[in-house]
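Note sheet for the following structure.
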Amino acid sequence: MNETSEGGTLYFQQTDNLSGKATYSMRVGSVTPDRLVFETENVSTIRYLLVPLFHPGEMQSIYFLEQESPGVWRYFNIARTGKNANALVAGHDASSINRAVAFFRHWAGIPSDQEPPAAR
């Protein structure tokens with residue numbers, strides 16, 4: 001099975017400037033020429049200065065990219081954190097907005113340094 005085919009699961013590590021290194025799973029839900037749906041979930045504990053912020057499975061996202069017309073794509077993202085997530089992660093709306101916009105810009109082919117941050 002192709003690792004990016006529907007139902008395929010990939011694992012990747014991401015290093016974040018706030019929470020350090022974490023391992024995630026990414027499951028591909030749907031792949032067609034005009035639609036991509038995939039989910040991510042942390043499979044390792046995410047920490048900040050050794051303090052656990054999210055235990056495995058407590059940070060989940062699902063992404064939808066759909067072609068509306070030639071050259072026009074729609075992007076939707078839903079993210080959630082578990083009820084046992086550390087209270088230190090609350091109140092950082094600007095960071096979440098900027099991450100979502102950066103993700104969209106990457107997929108849309110917009111240079112990341114072309115526009116100002118979406119939120120400050």
Side-chain angles (χ1 to χ4, degrees):
M1 170 162 60
N2 181 334
E3 63 185 15
T4 57
S5 62
E6 290 183 22
T9 301
L10 303 168
Y11 294 90
F12 63 96
Q13 269 193 340
Q14 179 176 317
T15 301
D16 186 281
N17 62 333
L18 297 176
S19 58
K21 189 183 294 185
T23 303
Y24 296 86
S25 66
M26 181 175 75
R27 191 182 70 76
V28 179
S30 172
V31 179
T32 65
D34 59 354
R35 186 168 197 252
L36 171 63
V37 178
F38 64 95
E39 310 169 8
T40 63
E41 177 177 295
N42 67 308
V43 295
S44 66
T45 300
I46 299 172
R47 301 174 185 277
Y48 179 69
L49 299 176
L50 304 177
V51 176
L53 299 177
F54 302 101
H55 294 285
E58 285 194 321
M59 187 162 43
Q60 302 168 335
S61 294
I62 185 165
Y63 302 87
F64 300 87
L65 291 105
E66 299 177 338
Q67 187 173 24
E68 185 174 303
S69 60
V72 178
W73 286 79
R74 291 184 288 180
Y75 163 75
F76 301 93
N77 169 239
I78 300 170
R80 76 167 217 62
T81 59
K83 64 181 179 179
N84 296 319
N86 192 306
L88 292 172
V89 298
H92 302 285
D93 294 345
S95 178
S96 297
I97 292 167
N98 287 329
R99 288 167 191 266
V101 170
F103 182 80
F104 171 77
R105 288 176 181 166
H106 172 78
W107 285 99
I110 299 169
S112 60
D113 59 354
Q114 180 176 329
E115 306 284 337
R120 295 192 192 271

Q | All ring-ring contact (aromatic ring centres under 6.0 Å, His included) counterparts of Y75, not counting sequence neighbours | A | F103

Q: Report yes or no: do I46 and Y48 belong to one cluster of Ile/Leu/Val/Met/Phe/Trp/Tyr joined by side chain heavy-atom distances under 4.5 Å?
A: yes

Q.
Can you tell me how far apart OG1 (T23) and CD (Q14) are? Round to the nearest 0.5 Å.
A. 10.5 Å

(Q) In this structure, would F12 and L10 fall into the same cluster of hydrophobic residues linked by side-chain contacts under 4.5 Å? (A) yes

Q. R47: what forms a side-chain hydrogen bond (donor to acceptor under 3.5 Å, both in side chains) with it, not counting sequence neighbours?
A. none

Q: May I ask you to decide if A22's main-chain N or O and S44's side chain share a donor-acceptor pair within less than 3.5 Å?
A: no

In residues 55-63, what donor-acceptor pairs under 3.5 Å come from side-chain atoms, sequence neighbours left out?
from	atom 1	to	atom 2	distance (Å)
E58	OE1	H55	N	2.9
Q60	OE1	R80	NE	3.0
Q60	NE2	E41	OE1	2.7
Q60	NE2	G57	O	3.3

Q: Could you list the residues that satisfy salt bridge (charged side-chain N to carboxylate O under 4.0 Å, His left out) with E66, not counting sequence neighbours?
A: R35, R74

**Q.** ring-ring contact (aromatic ring centres under 6.0 Å, His included) involving F64 - partner list, sequence neighbours excluded
**A.** none

Q: Give the cluster check for V31 versus W73: same hydrophobic cluster or not, with ILVMFWY residues linked at side-chain heavy-atom distances below 4.5 Å.
A: yes

Q. Which ILVMFWY residues are connected to V43, directly or by a chain of links, through side-chain heavy atoms under 4.5 Å apart?
A. Y11

Q: State, yes or no, whether a side-chain contact exists between L65 and F76 at a heavy-atom distance under 4.5 Å.
A: no

Q | Partners passing side-chain hydrogen bond (donor to acceptor under 3.5 Å, both in side chains) against T32 (at least two apart in sequence or in another chain) | A | D34

Q: Find out if a path of hydrophobic residues (ILVMFWY) with successive side-chain heavy-atom gaps under 4.5 Å connects L36 to I110.
A: yes

Q: Name all residues meeting the side-chain hydrogen bond (donor to acceptor under 3.5 Å, both in side chains) criterion together with N77; count only those two or more places apart in sequence or in a different chain, and write none if there are none.
A: none

Q. Can you hop from L49 to F54 via hydrophobic side chains spaced under 4.5 Å?
A. yes

